[in-house]
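Down below is the structure, laid out as structure tokens.
Whatever order the structure lists ligands and atoms in, that order sets their numbers, starting from 1. Keep in mind that this is a model prediction, so the values were computed, not measured.
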Amino acid sequence: MKAGKPVIAALGRQTTPQVPIWLMRQAGRYLPEYRAVRARAKSFLELCFTPELAVEVTLQPIRRFPLDAAIIFSDILVVPHALGQSVRFEEGQGPLLEPIRSAAELRNLSLGRLAETLAPVATAIAAVRRELPEHVALFGFAGAPWTVASYMVEGSGGSEFATVKGWAYREPESFALLIELLVDATGAYLLRQVEAGAEILQIFDSWAGMLSPAALERWALQPTAEIVRRVKARHPDVPIVVFPRGVGASYARYAAECGCDGLSLDSTVAPEWAAATLQPRVAVQGNLDPLALVTGGGAMREEVTRILGRLGGGPFVFNLGHGILPQTPPEHVAALCELVHDWKRR
Ligand code: 1CP
């Protein structure tokens, strides 16, 4: 009998001989071969929308390391771009968007060209599936409405969220229109990714931890749960992982209400709490501090062993608590894969 893919098995609550591992942002600037391809593309968006290049950078970490999943190379901000907003990526500065600040400006956005603009991502997904080793699963992904809306309204990362929160508090009815547009766009985009060959989906809510409990429920958890429902209505067997970064004890609300198969944990979540509270309901993924991976050696080994000791019994997929940092030595990634795969369940 053919062995299944370990990440899919773990998200389906099956036990696997080894703990599976992949890393958020595993393709990227810490790899010299990524920087070489990046230099060939005129812009970051061109890299995302040229299937040949997107396929190449998706496969780079898979060739180098014994990872159990690939994630299609793209960005969460391709969705606002496809809705008609101006999105640029400045070297060293991160994303810059022409901000949307009112209900009137929302009228400049439309779902009309979404499928056409994002078609190259589907083409790249289909091509990656043909190239992956048999045991390696392919993740599709998108940003959650709250995180994507934050960039759309603030115009860049690293802000204090005053503008986007101000809109949500002052005029919740019109802010809801933006969130609903993103639920529609993201639901359709993720369905298209599954139809192209994505086997698992991850929804990144990197800024969920900025919200009060009531705002989290309304602007982050419920819109994400609605996207999960729409994907599951058509493809009930596709596992979905949600990453509500920084929500603390509210991870338990996600486990109860979101309808997802897995929760990706940031590095502040205590593994013993996650084992007692989350794992009985959902698979968990995480949660090594990306700076422990930068450091490597005994400090990394200690953290990894602690996480595996609490969560490794499953259902569990090893990952970082946030994306891999550009200064990460690639040989530390190789050492991490070996540590995780060699760990034995007790
Ligand atoms: O020039 C470059 O190489 C720019 C760096 C870069 C890369 C490699 C950006 C700009 N995006 C990406 C790829 C990317 N982004 C992936 C690729 C697949 C993989 O994991 O290998 C993924 C999954 C993302 C997702 C993403 N983009 C998130 C969610 C996850 C997270 O890290 O919190 C967010 C918040 C973004 C926005 C974004 N795009 C790029 C940057 C530098 C940022 C973050 C800006 C900020 O911190 O506010």
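Checked by distance only, ligand 1 and W207 stay at 3.5 Å or farther apart across all their nitrogen or oxygen atoms. The shortest N/O to N/O separation between A27 and ligand 1 falls below 3.5 Å. Distances between N or O atoms of S206 and those of ligand 1 include at least one value under 3.5 Å.
The OG1 atom of T277 sits 10.0 Å away from atom CD of E272, with the distance rounded to the nearest 0.5 Å. The CG atom of L97 lies 11.0 Å from the NE2 atom of H81; values are rounded to the nearest 0.5 Å.
Set against the non-hydrogen atoms of R38, the atoms of ligand 1 under 4.0 Å away are 1 (O), 2 (C), 3 (O). Which parts of ligand 1 touch G157 is read off a 4.0 Å heavy-atom cut-off, strictly below it: atoms 48 (O). Numbered from 1 in the order shown, with element, the atoms of ligand 1 that lie under 4.0 Å from a heavy atom of I71 read 18 (C), 19 (C), 20 (O), 21 (O). Of all atoms in ligand 1, numbered sequentially from 1 with element shown, those under 4.0 Å from a heavy atom of H322 are 31 (C), 32 (O), 33 (O). Within the listing of ligand 1, atoms 2 (C), 3 (O), 8 (C) sit less than 4.0 angstrom from a heavy atom of Y34. Residue F73 approaches ligand 1 through these ligand atoms, each under 4.0 Å from one of its heavy atoms: 8 (C), 13 (C), 17 (C).
Cation-pi contact between R101 and W167: absent, since separation from the ring centre below 6.0 Å together with deviation from the ring axis within 45° is not met.
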Run the numbers on E98 and Q85 for side chain to side chain donor-acceptor pair (under 3.5 Å), then give the verdict. CA-CA 7 Å; E98 188 71 51; Q85 188 170 13; over 6 Å; no
Test side chain to side chain contact (heavy atoms under 4.5 Å, CB included) applied to Q285 and W22, step by step: CA-CA 9 Å; Q285 183 178 272; W22 71 281; 3.0 Å; yes
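Side-chain N or O atoms of S267 include one that pairs as donor or acceptor with a backbone N or O of N287 at under 3.5 Å. The main-chain N or O of F141 is found under 3.5 Å from a side-chain atom of Q193 such that the two form a donor-acceptor pair.
Heavy atoms of S74 come nearer than 4.0 angstrom to ligand 1 in at least one pair.
We find that E33 and R63 are not joined by a salt bridge, their nearest charged nitrogen and carboxylate oxygen being 4.0 Å or further apart. K232 and D261 are joined by a salt bridge, as a carboxylate oxygen and a charged side-chain nitrogen come within less than 4.0 angstrom of each other. In summary, R64 and E331 do not engage in a salt bridge, as defined by a charged side-chain N under 4.0 Å from a carboxylate O.
In terms of protein heavy-atom proximity, atom 9 (C) of ligand 1 is nearest to F44 CZ, 3.4 Å. R29 NE, 3.9 Å is the protein heavy atom nearest to atom 5 (C) of ligand 1. When only non-hydrogen protein atoms are considered, atom 22 (C) of ligand 1 lies nearest to F141 CZ, 3.6 Å. Taking atom 24 (C) of ligand 1 as the reference point, the nearest protein heavy-atom neighbour is R25 NE, 3.5 Å. The single protein non-hydrogen atom nearest to atom 34 (C) of ligand 1 is I76 CD1, 3.5 Å, given as residue, atom name and distance.
With a heavy-atom cut-off of 4.0 Å, R245 does not touch ligand 1 at all. Contacts with ligand 1 closer than 4.0 Å are made by side-chain heavy atoms of F89 only, the backbone lying farther away.
By the side chain to side chain donor-acceptor pair (under 3.5 Å) test, R13 is found to be paired with no residue, residues two or more places apart in sequence or in another chain being considered.
Comparing heavy-atom distances from atom 35 (C) of ligand 1 across Y151, W22, F243 singles out Y151 as nearest. Among I72, L31, D75, the residue whose heavy atom sits closest to atom 37 (C) of ligand 1 is D75.
The side-chain contact (heavy atoms from CB on, under 4.5 Å) test with F243 is passed by exactly one of T147, D266, T224, I203: D266.
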